[in-house]
Amino acid sequence: LRCPGGLPGTCAAGRLNTSLGCTSCKEGLAPSVDGTCEVCSGEVAVLVAVAVFLVLAVTGVYVMAARQNPATQQSSVVLLACVFGQLVSVLQQLGVLGAFSVTVPAPFDEILAVVKAINPSANSLNLKCAADFSPVASFSLQVFIVILFIMISVAVHIISTKIVYKTSVFRRQYVLTVTCGTIF
């Protein structure tokens, strides 16, 4: 879609024909779903909101893990956590299948459409509107998001153990383990 075909140097609307494979957008534009580039509008606020939500979500998972005692945990809670983990895994797999442009029969195509709608994409955040990222830098940000979650979890753990519990970071290490295990 970025390269509609035709004479050499022909790119979709808003794309730079000097970039390799028409990957880059012109200044002030961001990639859209149809392969063209459109004007940035308010995406920086969305990025900030997503970042705040992610930090709050990691903090919430940490607080839930810190308040429970694994020894007294009921088996129904463990079963529910396992079922939820499997559901997330299936949704991720269906999201990957939905990313392929393959025609599938009904009702599977409708299931893939619903999963695609609820499955967030890093490309939908339009990082290019916040800063000018090369394709390699954008890909690297997407890959290292896991490390970012771990760093946020460790920061919340250190703050929690030092300020709230006033103990050694290693004394409550199981909470960090549970938090990272729940997120991933």
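The first residue of the sequence shown is numbered 1, and numbering continues consecutively from there. Since the model is a prediction, treat every value here as computed from it, not as a measurement.
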Q. Residues two or more places apart in sequence or in another chain: which of them pass side chain to side chain contact (heavy atoms under 4.5 Å, CB included) with Q173?
A. F170, T177

Q. Just by distance, do the side chain of K162 and the backbone of I159 share a donor-acceptor pair under 3.5 Å?
A. no

Q | side-chain hydrogen bond (donor to acceptor under 3.5 Å, both in side chains) against N17, all qualifying residues, sequence neighbours excluded | A | none

Q) Mind checking what makes side-chain hydrogen bond (donor to acceptor under 3.5 Å, both in side chains) contact with T36, not counting sequence neighbours? A) S32, D34

Please tabulate, for the side chains in residues 7-16, all donor-acceptor contacts under 3.5 angstrom to protein atoms that are two or more places apart in sequence or on a different chain.
residue : atom : partner : partner atom : Å
T10     : OG1  : L7      : O            : 2.6
R15     : NE   : G35     : O            : 2.8
R15     : NH1  : C22     : O            : 3.3
R15     : NH1  : T23     : O            : 2.9
R15     : NH2  : G35     : O            : 3.2

**Q.** Minimum-distance pair of heavy atoms, taken over all atoms of V58 and I152
**A.** CG1-CG2, 3.7 Å

Q: Answer yes if I150 and F53 sit in the same cluster of Ile, Leu, Val, Met, Phe, Trp and Tyr residues linked by side chain heavy atoms under 4.5 Å apart, and no otherwise.
A: yes

Q: Kindly write out the residues that satisfy side chain to side chain contact (heavy atoms under 4.5 Å, CB included) with L54, not counting sequence neighbours, or none if the list is empty.
A: V50, F149

Q: State yes or no: do F144 and M151 share one hydrophobic cluster built from I, L, V, M, F, W and Y residues joined by side-chain heavy-atom distances below 4.5 Å, directly or via other members?
A: yes

Q. For L56, does the CG atom sit with more than 12 other heavy atoms under 6.0 Å from it, leaving out its own atoms?
A. yes

Q. Of all residues at least two apart in sequence or in a different chain, which pass the side chain to side chain contact (heavy atoms under 4.5 Å, CB included) check with Y165?
A. A66, S160, T167, R172

Q) Looking only at heavy atoms, which two atoms of Y62 and L176 are closest? And how far apart? A) CE1-N, 4.3 Å

Q.
Checking the side chain of H157 only, and the main-chain atoms of V169 only, is there a donor and an acceptor separated by less than 3.5 Å?
A. yes

